[in-house]
Amino acid sequence: IVMVTKKGIIKRTNLNEYNTARKGGIIALNLLEGDELSWVRMTDGNDELLIATKKGMAIKFSENDVRPVGRTATGVRAIRLKKDDVVVGMSIIRENALILVVSETGYGRLSKPDNYRLQTRGGKGTTNYHVDKYGDVAAISSVDLDDDIIIISLDGIIIRIPANSIRECARPSKGVRVMKLS
């Protein structure tokens with residue numbers, strides 16, 4: 001299991017560490033003050049991970065860069081964040097899948113995972129999106145072209161679009177409007 005927090009901490013733990021069932025639950029991870037657990041994914045132990053931030057940075061690294069630790073450990077730094085930045089998504093790189101990036105201004109684009117350079121864990125990453133021009137990143141996800149994508153605005157407006165209707169672009173580009181926002 002790989003866990004990532006909003007403040008860029010990552011933890012990798014063997015699934016059998018969570019075999020104990022207790023009425024009150026068990027500790028999965030120790031969080032730093034003001035941090036929160038946001039993403040948990042099951043991996044095969046040799047996956048590549050992509051972590052993206054609100055301010056347009058992303059880092060791709062091998063999960064083997066994160067040593068497995070015990071159930072109650074805190075974890076290690078996945079990405080070095082700027083002062084006002086937070087992690088907005090974590091995805092496992094799958095074969096033939098594309099990376100969907102959606103901005104808070106309603107733009108989205110698909111990119112090949114090869115557009116993201118493989119790095120080591122703990123760096124600041126590479127530019128994923130030009131947030132100064134097109135708005136902060138809202139989310140990322142690994143998608144296939146035959147998937148449907150559901151996007152929900154803060155106003156409660158929901159749309160469903162086929163992934164193949166979004167243009168495939170190079171990593172830092174704007175993309176296309178996927179949702180009109182007020």
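Just so you know, these numbers come straight off a predicted model, no measurement behind them.
The two residues Leu50 and Ala58 come nearest to each other via the heavy atoms CD1-CB, 4.2 Å. When all heavy atoms of Leu81 and Gly8 are compared, the closest pair comes out as CD1-N, 3.9 Å. The two residues Ala170 and Asn115 make their nearest non-hydrogen contact at CA-ND2, 4.1 Å. Here the closest non-hydrogen pair linking Ala28 and Tyr18 is O-OH, 3.1 Å. The two atoms that bring Pro113 and Ala97 nearest to each other are CD-O, 3.4 Å, heavy atoms only. What you find for Ser173 and Cys169 is that their closest heavy atoms are OG-CB, 2.9 Å.
Inter-residue side-chain proximity for Ile93 and Asp47 is flagged as unmet; no heavy-atom pair is nearer than 4.5 Å. Looking only at side-chain heavy atoms (C-beta outward), Ile9 and Val4 stay at 4.5 Å or farther from each other. Residues Leu110 and Leu145 are in side-chain contact: their nearest non-hydrogen atoms beyond the backbone lie under 4.5 Å apart. Residues Arg12 and Val76 are not in side-chain contact: their nearest non-hydrogen atoms beyond the backbone lie 4.5 Å or more apart. The shortest side-chain heavy-atom distance between Met179 and Ser153 falls under the 4.5 Å cut-off. Side-chain contact between Met57 and Arg80 is absent, with no heavy-atom pair separated by less than 4.5 Å. Counting heavy atoms from C-beta on, the side chains of Thr5 and Val87 never come closer than 4.5 Å. Using a 4.5 Å heavy-atom cutoff, the side chains of Val2 and Val66 are not in contact.
Residues Met3 and Val69 do not share a hydrophobic cluster, defined by chaining ILVMFWY side chains whose heavy atoms lie under 4.5 Å apart. The same ILVMFWY cluster, assembled from side-chain heavy atoms under 4.5 Å apart, contains both Phe61 and Met90. Taking hydrophobic clusters as Ile, Leu, Val, Met, Phe, Trp and Tyr residues chained together by side-chain heavy-atom distances below 4.5 Å, Val176 shares a cluster with Ile157. Cluster annotation: Ile10 and Leu32 are assigned to distinct hydrophobic clusters (Ile/Leu/Val/Met/Phe/Trp/Tyr, side-chain heavy-atom contacts under 4.5 Å, transitive). When hydrophobic clusters are built by joining Ile, Leu, Val, Met, Phe, Trp and Tyr residues whose side-chain heavy atoms come closer than 4.5 Å, directly or via intermediates, Met42 is not grouped with Ile92.
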(Q) One pair to check against side-chain contact (heavy atoms from CB on, under 4.5 Å): Leu29 and Thr13. What are the steps and the verdict? (A) CA-CA 10 Å; Leu29 136 106; Thr13 306; over 6 Å; no
Q | Full working for side-chain contact (heavy atoms from CB on, under 4.5 Å) between Trp39 and Leu49 | A | CA-CA 12 Å; Trp39 297 272; Leu49 307 173; over 6 Å; no
(Q) Please evaluate residues Ile151 and Val178 with respect to the criterion side-chain contact (heavy atoms from CB on, under 4.5 Å), reporting the C-alpha separation (whole Å), side-chain torsions for both, the decisive distance (0.1 Å), and the verdict. (A) CA-CA 9 Å; Ile151 301 173; Val178 293; 3.7 Å; yes
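Remark: the backbone N or O of Ile59 is not paired with any side-chain donor or acceptor of Lys124 at under 3.5 angstrom. Between the side chain of Arg121 and the backbone N or O of Arg77, at least one donor-acceptor pair lies under 3.5 Å. With hydrogens and angles disregarded, no donor-acceptor distance shorter than 3.5 Å links the side chain of Lys11 to the backbone of Asn30.
Annotation: the span from Ile152 atom CD1 to Ile158 atom CD1 amounts to 4.0 Å, rounded to 0.5 Å. To the nearest 0.5 angstrom, Lys60 atom NZ is 5.5 Å from Leu118 atom CG. The CG atom of Asn16 sits 9.5 Å away from the CD1 atom of Ile1 when rounded to the nearest 0.5 Å. With rounding to the nearest 0.5 Å, the separation of CD in Glu36 from NZ in Lys6 is 5.0 Å. Note: Glu17 CD to Ile27 CD1 = 13.0 Å, rounded to the nearest 0.5 Å. Taking NZ of Lys7 as the start and OG of Ser38 as the end, the distance is 11.5 Å to the nearest 0.5 Å.
Side-chain contact, Arg109 with Ser111: a donor N or O sits under 3.5 Å from an acceptor N or O. Between Asp146 and Asn164, the side chains place no donor N or O within less than 3.5 Å of an acceptor N or O (distance only, hydrogens not considered).
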Distance-only check: which donor-acceptor pairs under 3.5 Å involve side-chain atoms of residues 129-143, not counting sequence neighbours?
from	atom 1	to	atom 2	distance (Å)
Tyr129	OH	Lys174	O	3.0
Asp136	OD1	Lys55	NZ	3.3
Asp136	OD2	Lys55	NZ	3.2

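The environment of Leu154 atom CG is sparse: at most 12 non-hydrogen atoms of other residues, nucleotides or ligands sit within 6.0 angstrom. Heavy atoms of other residues, nucleotides or ligands lying less than 6.0 angstrom from CZ of Arg117 number 12 at most.
Among Ile79, Val86, Asn128, the single residue meeting the side-chain contact (heavy atoms from CB on, under 4.5 Å) criterion with Thr53 is Ile79.
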